[in-house]
Amino acid sequence: MSTASLPPVLALSPVEQPPDATLRPPGSKSITNRALLCAALAEGTSTLTGVLFADDTRAMLGAITALGAEVEVDEAATTVKVRGTDPRTASGPVTLYANQSGTTARFLLPTLALRPARGVLDGDAQLRARPFGPLVEALRALGAQVEEPAEAGRLPLAVTGPVHRGRVPLPGHLSSQFLSGLLMAAPLMPQGLAVELTSALVSVPYVTMTAAVMSAFGVDADGLGAAPGRYRAAEYAIEPDASAASYFLAAAAITGGRITVAGLGAASLQGDVRFADVLERMGARVSRDADGITVTGTGTLRGVDVDMADISDTAQTLAAVAVHADGPTRVRGIGFIRHKETDRLAAVVTELRRAGIDAQEHDDGFTINPGAPAPTRFATYGDHRMAMSLSLLGLRSAGIEIDDPRCVAKTYPGFFADLSRATARA
Ligand SMILES: O=C(O)C1=C[C@@H](OP(=O)(O)O)[C@@H](O)[C@H](O)C1
Ligand SMILES: C=C(OP(=O)(O)O)C(=O)O
């Protein structure tokens, strides 16, 4: 699936009747990038199934190949075989390119610090604007050399390992990805690693996910460290992406239809499945079973006051739902999403106001008042989640257009095709 056939501006039409559909979104970006890295660091050949193919995971595939893993891709079968490598035996320099992908970049920097050679990590302009300072400080504290040829705490960065210490302080309030990246490299550090958090951790479920994927590849991690050891090759099945699922569950709530997202059962590793709980609090009917989550819109949506620090990738989805509620929605706990693909608090409030919706930005979140969106061409800020969330406003309102819809290539190239399939028929 590619975004090449999408126009530069996508015009959306409201649904003719409430949808009644089942779909299985592509594999989880977060799990794919963890499984690819753990497999690349493992002894033996792993087989990953349900792999996401999108810009962010292609960045990780390219990087582990550059690091010396052997990768065999069968995209049609969503399968990747990875023969692992040991970065501690590397000799030459390497350059890795993370494109726009925060996970790829933050997961790989600590792995570069395992190599007794110089490794350069870079990304596109958007990723170069995102913070890396806590990881730079942590790797230096562990004994690696880090050069910051551009700006302090920003890509590009050059890292020369190996590390030789095993304890490190780390702030948690900006991003959990720094901790996840350190944890995945931890078993290959000479003393393992113990991290001491110096500020409250955001996006906590992603660290639990990191420990779960590490454990599937034979390493025990407790969320703050791991003992020295080796990953073992595994056969690993990746779940559908729960953040991607949020758009479809929201679509059912907004339209009064019924949509089932298959493949996200009660044992899901992804915190974002809890977005369905927020829809339930708002008045949608939610059922969960071993195979998936179904949301049925009831025609009533109440405004909510909700902390989304654990599930912040779904905050923009909720903003689109909140427009259709019967009272204000206040989202808290997500000041850190100003450092994602764009300043997501400013972006979502600016775009909703452009459509005539009464929305306010706060230090830690936003308030959205319900309203009828005026015909609007929405800017998307190179942020896939702006494009996917704002497209939900086109389900009930006429004249909604999405600028640069191709930005969904970051995590979900087939999003607009899947949205029109899921919402086209009763
Ligand atoms: O570890 C991960 O896979 C992710 C962690 C989250 O980032 P932060 O920890 O920066 O909030 C999330 O927003 C991102 O899409 C994926
Ligand atoms: C924040 C995101 O991605 P990343 O940090 O991995 O670039 C996202 O997918 O919403």
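Whatever order the structure lists them in is the order used to number ligands and atoms, beginning at 1.
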Does ligand 1 come near enough to [X] that some N or O of the ligand is less than 3.5 Å from an N or O of the residue?
{"X": "Gln177", "answer": "yes"}
{"X": "Arg34", "answer": "yes"}
{"X": "Ser30", "answer": "yes"}
{"X": "Thr103", "answer": "no"}
{"X": "Ser175", "answer": "yes"}

Under a 4.0 Å heavy-atom cut-off, which residues neighbour ligand 2? Lys29, Gln100, Ser101, Gly102, Thr103, Arg130, Gln177, Asp313, Lys340, Glu341, Arg344, His384, Arg385, Lys410
Close side-chain approach of Tyr381 to Asp404, heavy-atom, < 4.5 Å: no
Fit a plane to each ring of Tyr236 and Phe217, take the angle between them on a 0 to 90° scale, and name the class: parallel (under 30°), tilted (30 to 60°) or perpendicular (over 60°). tilted
If the cut-off is 4.0 Å to any non-hydrogen atom of Phe107, which atoms of ligand 1 fall inside it? 1 (O)
Which of the numbered atoms in ligand 1 are under 4.0 angstrom from any heavy atom belonging to Phe336? 11 (O)
Just by distance, do the side chain of [X] and the backbone of [Y] share a donor-acceptor pair under 3.5 Å?
{"X": "Glu235", "Y": "Thr49", "value": "no"}
{"X": "Gln316", "Y": "Ser389", "value": "no"}
{"X": "Ser199", "Y": "His173", "value": "yes"}

What part of [X], side chain, backbone, both or neither, has a heavy atom within less than 4.0 angstrom of ligand 1?
{"X": "His339", "value": "neither"}
{"X": "Lys29", "value": "side chain"}
{"X": "Phe178", "value": "neither"}
{"X": "Ser203", "value": "side chain"}

Does a salt bridge link [X] with [Y], judged by any charged N lying under 4.0 Å from a carboxylate O?
{"X": "Glu70", "Y": "Lys81", "value": "no"}
{"X": "Glu75", "Y": "Arg58", "value": "yes"}
{"X": "Arg338", "Y": "Glu361", "value": "yes"}
{"X": "Arg406", "Y": "Asp55", "value": "no"}

Run the side-chain hydrogen bond (donor to acceptor under 3.5 Å, both in side chains) test on Ser101 and Thr103 for me, step by step, so that the C-alpha distance in whole Å, both residues' side-chain angles and the decisive distance to 0.1 Å come before the verdict. CA-CA 6 Å; Ser101 171; Thr103 54; 3.2 Å; yes
Quick check with a 6.0 Å cut-off and a 45 degree axis cone: is Arg354 positioned over the face of Phe378's six-membered ring? no
Within a radius of less than 6.0 Å around CZ of Arg167, do more than 12 heavy atoms belonging to other residues, nucleotides or ligands occur? no
Apply salt bridge (charged side-chain N to carboxylate O under 4.0 Å, His left out) to the pair Arg330 and Asp364, showing each step before the final yes or no. CA-CA 10 Å; Arg330 170 75 162 98; Asp364 74 333; 3.0 Å; yes
What is the closest protein heavy atom to atom 2 (C) of ligand 1, and at what distance does it sit?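 Here the closest protein heavy atom is Tyr206 CD2, 3.3 Å.
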Restricting to heavy atoms, the pick from Arg385, Lys340, Arg106 nearest atom 8 (P) of ligand 1 would be Lys340
Taking atom 12 (C) of ligand 1 as the point of reference, which of Asp313, Ile311, Thr411 owns the nearest heavy atom?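 Looking at heavy atoms only, the winner is Asp313.
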